[in-house]
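So you know, we letter chains A, B, ... as the sequences are listed, proteins then strands, and number each from 1.
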2 protein chains.
Amino acid sequence: MKPNRIKLSDVADAAGVSAATVSRALRNPDIVSQKVRERIQFVIDELGYVPDPAARALASARTDVIGVLIPSVTNSVFADVLRGIYSAAEGTSYRIQLGNTRYSVLEEEKLLKVFLSQRPAGLIVTGIDQSAASRAMLLKAECPVVQIMETGDRPVDMMVGFSHREGAFAATCHLIENGYKRIAFLGARMDPRTQRRLEGFSQALREAGLLDERLIVTTPRPSTVTLGSELLGELLARAPDADAVFCNNDDLALGVLFECQRRRIAVPDELGICGFNDLEMMAVANPAITSVRTFREEMGGRAFELLLGSLNGAPVGEGIVDLGFELVRRESTRRSALN
Amino acid sequence: MKPNRIKLSDVADAAGVSAATVSRALRNPDIVSQKVRERIQFVIDELGYVPDPAARALASARTDVIGVLIPSVTNSVFADVLRGIYSAAEGTSYRIQLGNTRYSVLEEEKLLKVFLSQRPAGLIVTGIDQSAASRAMLLKAECPVVQIMETGDRPVDMMVGFSHREGAFAATCHLIENGYKRIAFLGARMDPRTQRRLEGFSQALREAGLLDERLIVTTPRPSTVTLGSELLGELLARAPDADAVFCNNDDLALGVLFECQRRRIAVPDELGICGFNDLEMMAVANPAITSVRTFREEMGGRAFELLLGSLNGAPVGEGIVDLGFELVRRESTRRSALN
DNA sequence: TTGTAGGCGTTATCAG
DNA sequence: CTGATAACGCCTACAA
């Protein structure tokens with residue numbers, strides 16, 4: 001079955017020391033004499049010893065697993081965050097355990113239970129809208145927890161994100177400043193973050209006295225480029241005089257752009273387009289699309305570093321990191337003439 | 001530290017049975033009497049017992065971890081594969097452990113070592129170009145292994161993918177049939193699969209007597225939409241008379257399209273564009289972009305199912321699954337008039 | 001600095 | 001069908 005895997009005691013025998021010493025040489029090299037340490041290392045290489053993580057976990061009641069819960073593996077926004085996490089994890093001994101909640105709080109709850117049962121070293125979860133049960137589990141988890149993608153009061157533990165509300169608010173103000181009057185909102189997959197963007201959008205327009213509910217087009221369907229084209233169609237059928245669209249994300253914005261090209265609607269003069277997230281392709285689209293840049297990879301990286309710090313007993317201090325956002329103005333909202 | 005987590009023996013005590021019976025009720029419900037089983041289940045719910053995977057792994061020398069090694073977490077191609085894997089894993093008790101090799105065989109080797117040390121239930125690895133050491137490890141792994149994304153002889157164990165070479169060959173033939181004569185290749189991140197696509201491309205042109213090495217533009221840089229625009233610029237500087245481009249993937253193709261729009265190059269008449277993978281946005285671009293559709297999500301799903309089958313002692317039989325590809329002809333290569 | 005001994009929570013073996 | 005009883009491989013006081 002499992003032939004003769006080398007174990008700690010084999011190494012100990014071969015090195016002429018006790019198993020405990022080998023264990024220490026692995027965990028706390030500092031408290032083992034230089035000579036012994038070297039001999040042990042030599043034997044380990046010689047024999048090709050690889051520690052059994054299960055045994056370690058059982059004996060020490062700890063693992064080197066960092067659990068990460070995200071709502072989607074295909075959404076490039078989360079892929080970017082993941083990349084940041086993996087980069088930061090690079091070189092450390094921690095492993096990433098990924099859970100896909102598929103935008104479901106119940107699924108998140110289930111996964112949390114499974115993850116917690118493993119005694120993870122740390123946890124990264126998406127957003128701040130966990131179910132009450134999930135929140136309770138997180139609060140009494142015996143490991144550091146980081147909530148990412150958003151900021152808010154009432155963090156479970158630590159937090160790194162930005163305000164979607166303010167991001168959308170800034171983008172909408174930008175549209176207003178550029179002279180657009182009939183500004184629409186296109187939204188898909190109305191998750192909590194999308195909702196907050198809609199709030200920011202609405203507030204900006206309300207303050208400017210320009211809010212028209214009929215210009216808000218949303219759908220629970222997942223966001224795609226194709227959907228962006230469709231939603232623009234819906235919008236124009238309903239309100240042909242819309243002169244700008246704030247898209248809930250860049251996929252939609254791109255779809256809108258393609259649809260404009262197809263319908264020969266001039267961007268930005270006839271219709272302004274603004275996206276959200278600033279995916280790489282926004283800058284090279286034709287015309288280049290204005291968007292709200294978010295720092296996704298950095299968000300993942302910082303989240304991991306926060307965990308690391310906490311695991312190394314860093315001063316608990318400032319547990320909330322606001323990475324902000326940056327409105328990137330491009331041609332798609334740069335009107336040559338106001339009407 | 002770790003307060004008073006409920007354990008198997010607690011359940012056993014409360015249910016008035018032995019620990020062994022509780023364990024059996026969990027693993028092999030069939031061999032436990034109905035009555036006892038129900039009582040145990042009741043107690044489990046009551047106490048909120050959650051098994052410790054580490055202890056289980058140690059005692060049984062098995063885990064429910066499926067290791068997955070992919071070269072990139074942000075490349076949407078692999079994100080799609082991942083999604084397929086997660087969907088298939090849904091409902092099973094297996095957990096996915098993701099490793100990011102970053103297109104490095106050495107990194108892959110390292111990760112493989114770590115993964116193997118966990119006694120995974122199964123392994124999914126990308127491609128067929130593992131290092132000799134990796135291949136050796138895989139061959140003697142005590143778990144089923146699936147190589148994905150490609151097909152080939154000499155599988156380590158099982159395999160599910162398609163021929164990149166043939167996909168590119170078919171796409172190139174399509175361009176030739178549509179009257180294009182000066183067909184270029186744009187490639188980024190020249191990984192093994194990209195190389196094989198280039199082979200298919202070259203072969204098709206060679207057979208048609210149209211191969212011109214100067215029309216092959218490649219770079220090791222990672223593929224992005226922006227890069228697609230840049231590469232087209234390079235190509236046209238070098239060979240202004242190119243009349244079609246086969247792009248190594250859809251990101252590049254999109255970049256090429258944008259650049260054509262910018263330079264007022266008519267697609268498909270002045271320049272034909274063909275991508276690879278058929279991402280969702282290809283169909284909605286303007287004009288819609290011809291591409292080679294690949295079945296990424298299905299690939300992930302099948303890979304997982306193959307593992308499952310193998311774990312359930314399915315007849316080892318047919319271990320190589322070729323999912324094929326599908327050339328999707330769209331406007332970007334539909335020339336209205338031949339020259 | 002190093003060794004000894006006991007235990008971490010489950011499963012597997014073998015009786016009953 | 002159920003119950004003892006040993007492992008599983010490593011860690012962690014406690015001693016030396």
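Rounded to an integer number of Å, the gap from B:Arg5 CZ to C:dG9 C1' is 9 Å. Between A:Lys7 atom NZ and D:dC10 atom P the separation is 8 Å, expressed in whole Å. Here the C1' atom of nucleotide D:dC8 and the CG atom of B:Asp52 are 13 Å apart, to the nearest Å. Taking atom CG of A:Leu58 as the reference point, atom P of D:dT12 lies 12 Å away to the nearest angstrom. Counting to the nearest Å, the P atom of C:dG9 and the OH atom of B:Tyr49 are 10 Å from each other. The CG-P distance, from A:Asn28 to D:dC10, rounds to 17 Å in whole Å. Here D:dC10 presents its P atom at 9 Å from CG of A:Asp10, a figure rounded to the nearest Å. Per the geometry, CG belonging to B:Asp64 stands 11 Å off P belonging to C:dT11, to the nearest Å.
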Would you list the protein and nucleotides 2-6 of chain C atom pairs, both N or O, that sit under 3.5 Å from each other?
| residue | atom | partner | partner atom | Å |
| --- | --- | --- | --- | --- |
| C:dT2 | OP1 | A:Ser33 | OG | 2.8 |
| C:dT2 | OP2 | A:Ser33 | N | 2.9 |
| C:dG3 | OP2 | A:Ser18 | N | 2.9 |
| C:dG3 | OP2 | A:Ser18 | OG | 3.1 |
| C:dG3 | OP2 | A:Thr21 | OG1 | 2.6 |
| C:dG3 | N7 | A:Arg24 | NH2 | 2.6 |
| C:dG3 | O6 | A:Arg24 | NH1 | 3.0 |

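Within the structure, every pair that satisfies the side-chain hydrogen bond (donor to acceptor under 3.5 Å, both in side chains) test and touches residues 104-117 of chain A, not counting sequence neighbours, is listed here: A:Arg102-A:Glu107, A:Glu109-A:Ser131. Residue pairs meeting the salt bridge (Lys or Arg N to Asp or Glu O under 4.0 Å) criterion with at least one member in residues 73-84 of chain A, sequence neighbours excluded, are A:Asp80-A:Arg296, A:Arg83-A:Glu297. Pairs of residues two or more places apart, or lying in two chains, never qualify as side-chain hydrogen bond (donor to acceptor under 3.5 Å, both in side chains) while including a residue from residues 50-61 of chain B. Applying the salt bridge (Lys or Arg N to Asp or Glu O under 4.0 Å) test to pairs two or more places apart or on separate chains, none has a residue in residues 12-25 of chain A. Sequence neighbours left out, not one pair with a member in residues 37-61 of chain B passes ring-ring contact (aromatic ring centres under 6.0 Å, His included).
For B:Arg62, a side-chain nitrogen or oxygen approaches OP1 or OP2 of C:dA12 to under 4.0 Å. Residue B:Arg56 places no side-chain N or O under 4.0 Å from the OP1 or OP2 atom of C:dG9. Side-chain N/O atoms of A:Ser23 include one lying less than 4.0 angstrom from OP1 or OP2 on D:dC11.
Between A:Asp191 and A:Gln195, the side chains place no donor N or O within less than 3.5 Å of an acceptor N or O (distance only, hydrogens not considered).
The listed nucleotides are D:dC10, D:dC8, D:dT12; the one nearest the side chain of A:Pro51 is D:dC10.
Using a 4.0 Å heavy-atom cutoff across all strands shown, B:Leu8 reaches at least one base atom of the nucleic acid.
Few gaps surround CG on A:Asn28; more than 12 heavy atoms of other groups in view lie less than 6.0 Å from it.
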